[in-house]
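Input: a single structure, listed below in structure tokens.
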Amino acid sequence: MNRRIGCWMAAWGLVLTAGCFTDEGGSGGTDLPRGEGVTDVPPAGDLPDVGPMWDTPPLQDLPDLLDIPPAEDIPPGQDLPEVLDVPPAQDLPDGLDVPPAQDLPYAFDVPPDTGPLPERLVLDPASLTFFLLPIDSTRAAVSGYDAAARACVTIVWDYSNTGHDLVPWCDEFGQGFPYVLVARDTDGPCGAWDYGPNVTAASASGCVQFKALGMGAIDLVDVAITVANESGGQTLIEAQNRSTFTPNPVSLGLRYVTDVPENVYIQTGDDYGLPSWAQVLGPDGNARLLFDQCDVPSCDNPGGGVCGIAFRQVRNVTGGTYSGQAWLTWDGRFRVLDEAKGCRNAVAAAAGGYTLRVCFGWGTVDSAGGNGPDVKNPQCHDVPFTLPDDTQVAFNANFGG
């Protein structure tokens, strides 16, 4: 509890009286009950003679230390101590660099007479743009337009400040990953961004990957995000470009949960530099080739097919914690050898049933060829799925107690 004590002094003629009041949480001494907390003050005529000790000397007799020199005697600014010098802007540390003002798009104020957000915003897939924010932080964004609502939406994934790896990501989003900005009453173009949201995201699901961050061969977004609106309800924002590809890309994943902090590894690079932790098996039970492989050229790229040195690689999915996940995007096509041409065609997978096989382990060993690590004693698990209906398939590994 705040306790405030104030003391007052009042001069009456040549004598001075003093008193104190206590205010427990109030705004002034007038809140005290009558007769409590205030010392009775005798009439002025009954005050004792306090003597000349209270006499105040005339102003001219005050000590010299209170003298203030005239303004013209104050040293000019150039003679002030150097500690007050401010270094020029170009000498500031690089970490303090701020983008030029013209790059700061503060365009998210709600225009007057604009109603609340509708219950649903669907961004036109043809309007979607993918870009990295031009600031000293790894943030990637997707921006698009809803013509019916005359609204631009920018969705920003902040990797730097949320501890997320630069990998494709599905579900299990969180605070600031992503954050959302909505510009109202506009005909575009969209693409404005800011350092934080102007609407509050309540939930987010789906998948995203950015080609510019080395996550895969394509930019992909397929998310649904719920934000609070001005009417006290919620607005569902949908942004997806998966349907613009033929066939539709498929997100293949592993979700891992355990009750004991541990390291869990997957093989992200084989002898050809390709991820082998996720495989797709056909109805015959045999694994299909999901990506172009350097040993044989692609029929679409006859000049390829020369293998360099590919180092085997692993990734620690959990990083010694209780959970983690891994995703990759398959373009929905198998690589099939054309023996006559000596190349592989990328053929769309036929509709029907398939199996996702996910492999992982709890340790690593040096590969037999000495060109990098392998997952030690990997174990594999199968998940059935159907094309073209399923576009997000994952094995959920739960090793809880």
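What you are looking at is a predicted structure, and each value in this text was computed from that prediction instead of being measured.
Every salt bridge (charged side-chain N to carboxylate O under 4.0 Å, His left out) that Asp165 has, sequence neighbours left out, goes to Arg315. For Asp374, the salt bridge (charged side-chain N to carboxylate O under 4.0 Å, His left out) partners at least two apart in sequence or on another chain are Arg312. Every residue two or more places apart in sequence or in another chain was checked for a salt bridge (charged side-chain N to carboxylate O under 4.0 Å, His left out) with Asp390, and none qualifies. Looking at residues two or more places apart in sequence or on another chain, you find no side chain to side chain donor-acceptor pair (under 3.5 Å) involving Asp338. Residues that satisfy the side chain to side chain donor-acceptor pair (under 3.5 Å) test with Ser243, not counting sequence neighbours, are Gln240. Partners of Tyr265 according to the ring-ring contact (aromatic ring centres under 6.0 Å, His included) rule, which considers only residues two or more places apart in sequence or in another chain, do not exist here. By the salt bridge (charged side-chain N to carboxylate O under 4.0 Å, His left out) test, Asp270 is found to be paired with no residue, residues two or more places apart in sequence or in another chain being considered.
Closest approach of Gly342 and Val296 over heavy atoms only: O-CG1, 3.7 Å. Residues Trp193 and Ile135 share a closest heavy-atom pair of CH2-CG2, 3.7 Å. Minimum interatomic distance between Leu254 and Ala397 (heavy atoms only, all atoms of both residues): CD1-CB, 4.2 Å. Of all the heavy atoms in Thr154 and Ala141, the pair that sits closest is CG2-CB, 4.1 Å. Listed here is the closest heavy atom pair of Ile155 and Pro178: CG2-CB, 3.6 Å. When all heavy atoms of Val314 and Pro373 are compared, the closest pair comes out as CG1-O, 3.8 Å.
Atom OH in Tyr145 sits 7.0 Å away from atom SG in Cys190 (nearest 0.5 Å). If you take CG on Asn377 and SG on Cys359, they are separated by 12.5 Å, rounding to the nearest 0.5 Å. Residue Gln279 holds its CD atom at 7.0 Å from SG of Cys380, rounded to the nearest 0.5 Å. Going from atom CG of Asp187 over to atom CZ of Arg150 covers 4.0 Å, rounded to the nearest 0.5 Å. Interatomic distance, CD1 of Ile225 versus CD of Gln234, reported as 13.0 Å (0.5 Å rounding).
Ser137 places no side-chain N or O within 3.5 Å of a backbone atom of Arg139 that could act as its donor or acceptor partner. Thr364 contributes no side-chain N or O that, together with a main-chain N or O of Val375, makes up a donor-acceptor pair within less than 3.5 Å. Formation of a donor-acceptor pair under 3.5 Å by the Asn263 side chain with backbone atoms of Gly320 is found in this model. Formation of a donor-acceptor pair under 3.5 Å by the Gln293 side chain with backbone atoms of Asp295 is not found in this model. Although no hydrogens or angles enter the test, the distance criterion places a donor-acceptor pair under 3.5 Å between the side chain of Asn316 and the main chain of Gly319. In terms of modelled atom types and a separation under 3.5 Å, the side chain of Asp185 and the main chain of Ala151 share no donor-acceptor contact. Between the side chain of Gln313 and the backbone N or O of Leu274, no donor-acceptor pair lies under 3.5 Å. A side-chain donor-acceptor contact under 3.5 Å links Thr235 to the backbone of Pro118. Counting only distance, with no hydrogens or angles, the side chain of Ser160 and the backbone of Thr138 share a donor-acceptor pair below 3.5 Å. Not a single donor-acceptor pair under 3.5 Å links the side chain of Asn345 to the backbone N or O of Val347.
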Q.
side chain to side chain contact (heavy atoms under 4.5 Å, CB included), that's the test. Do Thr258 and Thr318 meet it? Break it down for me.
A. CA-CA 10 Å; Thr258 177; Thr318 57; 5.7 Å; no
Q. So Gln325 and Asp171, side chain to side chain donor-acceptor pair (under 3.5 Å) or not? Walk me through it.
A. CA-CA 10 Å; Gln325 63 166 322; Asp171 303 326; over 6 Å; no
Q) After noting the C-alpha distance and the side-chain angles of Leu121 and Leu236, does the key distance pass the side chain to side chain contact (heavy atoms under 4.5 Å, CB included) rule? A) CA-CA 6 Å; Leu121 290 174; Leu236 177 65; over 6 Å; no
Q: Could you check Phe245 against Asp331 for side chain to side chain contact (heavy atoms under 4.5 Å, CB included), going step by step and ending with a plain yes or no?
A: CA-CA 8 Å; Phe245 297 93; Asp331 66 3; over 6 Å; no
Q: Determine, stepwise, if the pair Val393 / Val383 fulfils side chain to side chain contact (heavy atoms under 4.5 Å, CB included).
A: CA-CA 8 Å; Val393 188; Val383 180; 4.0 Å; yes
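For residues 360-383, the set of pairs meeting the ring pair (Phe, Tyr, Trp, His ring centres under 6.0 Å) definition, not counting sequence neighbours, comprises Tyr256-Phe360, Phe360-Trp362, Phe360-His381, Trp362-Phe399, His381-Phe395. Sorted by first and then second residue, the ring pair (Phe, Tyr, Trp, His ring centres under 6.0 Å) pairs with a member in residues 321-348 read Trp330-Phe334, Phe334-Tyr354; sequence neighbours excluded. Judged as a salt bridge (Lys or Arg N to Asp or Glu O under 4.0 Å), the pairs with a partner in residues 273-293 (not counting sequence neighbours) are, in order, Asp284-Arg288, Asp292-Arg335. Sorted by first and then second residue, the pairs that involve residues 114-135 and meet salt bridge (Lys or Arg N to Asp or Glu O under 4.0 Å), not counting sequence neighbours, are Arg120-Glu238.
No side-chain heavy atom of Phe130 sits under 4.5 Å from any side-chain heavy atom of Ser143. Annotation: side chain of Pro247 is in contact with side chain of Arg333 (closest heavy-atom distance under 4.5 Å). By the 4.5 Å heavy-atom criterion applied to side chains, Phe131 and Leu133 are counted as neighbours. With a 4.5 Å cut-off on side-chain heavy atoms, Val180 and Val156 do not count as touching. No side-chain heavy atom of Gln175 sits less than 4.5 Å from a side-chain heavy atom of Thr162. With a 4.5 Å cut-off on side-chain heavy atoms, Tyr159 and Val167 do not count as touching. Side-chain contact between Leu181 and Val199 is absent, with no heavy-atom pair separated by less than 4.5 Å. Side-chain contact between Leu252 and Leu290 is present, with heavy atoms from C-beta onward closer than 4.5 Å.
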Donor-acceptor contacts under 3.5 Å from residues 206-220 side chains, at least two apart:
from, atom 1, to, atom 2, distance (Å)
Gln209, OE1, Thr329, OG1, 2.7
Gln209, NE2, Ile218, O, 2.8
Asp219, OD1, Lys211, N, 2.7

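Salt-bridge annotation for Glu339 and Arg344: absent, with no side-chain N of the basic residue lying under 4.0 Å from a carboxylate O of the acidic one.
The aromatic rings of Phe173 and Phe177 sit tilted relative to each other, their planes meeting at an angle between 30° and 60°.
Asn248 and Arg242 share no side-chain donor-acceptor pair at under 3.5 Å. There is a side-chain donor-acceptor pair under 3.5 Å between Ser367 and Asn371.
Side-chain rings of Trp157 and His164 stay apart, their centers remaining 6.0 Å or farther from each other.
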